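Encoded as structure tokens, the structure appears first; notes follow it.
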Amino acid sequence: MLRLWGRPSSARTQKVLWTLSEIGLEFDFVLASATMGPGGHVSKGNHPFGIVDSPEYRSLNPTGRVPTIDDDGFVLWESNSIVRYLAMQHAPDLLYGNDIRTFASASRWLDFENNELLPPQHELAMHLIRLPEAQRDPAAVEHARLAFVKALAIVETQLGRTRFMCGERFTYGDIGVGIRVHRWHLFGLDGPSVPNVARFYAEIQARPGFQRWTADPAHHLEG
Ligand SMILES: N[C@@H](CCC(=O)N[C@@H](CS)C(=O)NCC(=O)O)C(=O)O
């Protein structure tokens, strides 16, 4: 059976969890992290899930980060590569219409999520939630908020042209953006009106994969 190492509060792990759920693959989920544990972030004195510092895990993933998968002996890390692999190996029709250009378009939006939406949102998570209050910086929050809003405008424009990020049907390119839109909504910060994003957000919230692994606010707001 496929095995996944990660943690539920990791948006990168959630990309893999949501993908697995869309496909309907059964898997073992091994809780692993150096920075988060059952009680929250280690900066608040909590014990981490661990595993990632063990020689066994490092032999699978030398970065010591999550997520990692083992699919019947094929080991892979880097969340976006895992999502692409799962789509190609297990569900090309479902996740990109078995079409190379749709695959490439979805791959682009996954990279955009990683490069443009993730960095400011990571800053927001640290300075709004994860760091001890004395270390939180309102200027860092404002800087990250503006950077996120700028990237979100690009998503808004795309969703004004197409129902989903890559056209009229759901693809794996919607997963990364979908998680960031959800987390942004939960943060409750000021931002411009984005009606196309709102329509998209309502659509993805109806998907069982979103509901199972991404919806729970605790996976975004606790740390
Ligand atoms: N580029 C890597 C980054 C992996 C990464 O930074 N993962 C975070 C969780 S989102 C992590 O391992 N944090 C430390 C930990 O939880 O031990 C990927 O996309 O998989």
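Remember, it's 1-based here, ligands and their atoms both numbered in the order they're listed. Please read all numbers here as calculations on a predicted model, not as lab measurements.
- When only interatomic distances are considered, the shortest N/O to N/O separation between G64 and ligand 1 does not fall below 3.5 Å.
- Of the N or O atoms in A11, none lie within a sub-3.5 Å distance of an N or O in ligand 1.
- Test I179, V197, V194, V149 against W184 for side-chain contact (heavy atoms from CB on, under 4.5 Å) and you get one pass: V149.
- Between the side chains of Q14 and S10, no donor-acceptor pair is found at a separation under 3.5 Å.
- Those atoms of ligand 1 that come under 4.0 Å of a heavy atom in S10, given as number and element, are 9 (C), 10 (S).
- Within the structure, ligand 1 lacks N80 among the residues with a heavy atom less than 4.0 angstrom away.
- F29 places a side-chain heavy atom less than 4.5 Å from the side chain of W213.
- A 6.0 Å sphere centred on CG of D72 holds no more than 12 heavy atoms belonging to other residues, nucleotides or ligands.
- When hydrogens are left out, the protein atom nearest atom 20 (O) of ligand 1 is S79 N, 2.8 Å; that is the closest non-hydrogen contact.
- Residue-level proximity to ligand 1 for R7 is carried by the side chain, the only part with a heavy atom below 4.0 angstrom.
- Residue contacts with ligand 1: T35 is placed with a nitrogen or oxygen under 3.5 Å of a nitrogen or oxygen of the ligand (distance criterion only).
- Ligand 1 places these atoms under 4.0 Å from at least one heavy atom of S33: 15 (C), 16 (O), 17 (O).
- Of all the atoms in ligand 1, the ones that sit under 4.0 Å from a non-hydrogen atom of P67 are 20 (O).
- Heavy-atom neighbours of H185 NE2 from other residues, nucleotides or ligands within 6.0 Å: at or below the threshold of 12.
- Salt bridge annotation for R163-E168: absent, with no cationic side-chain nitrogen under 4.0 angstrom from a carboxylate oxygen.
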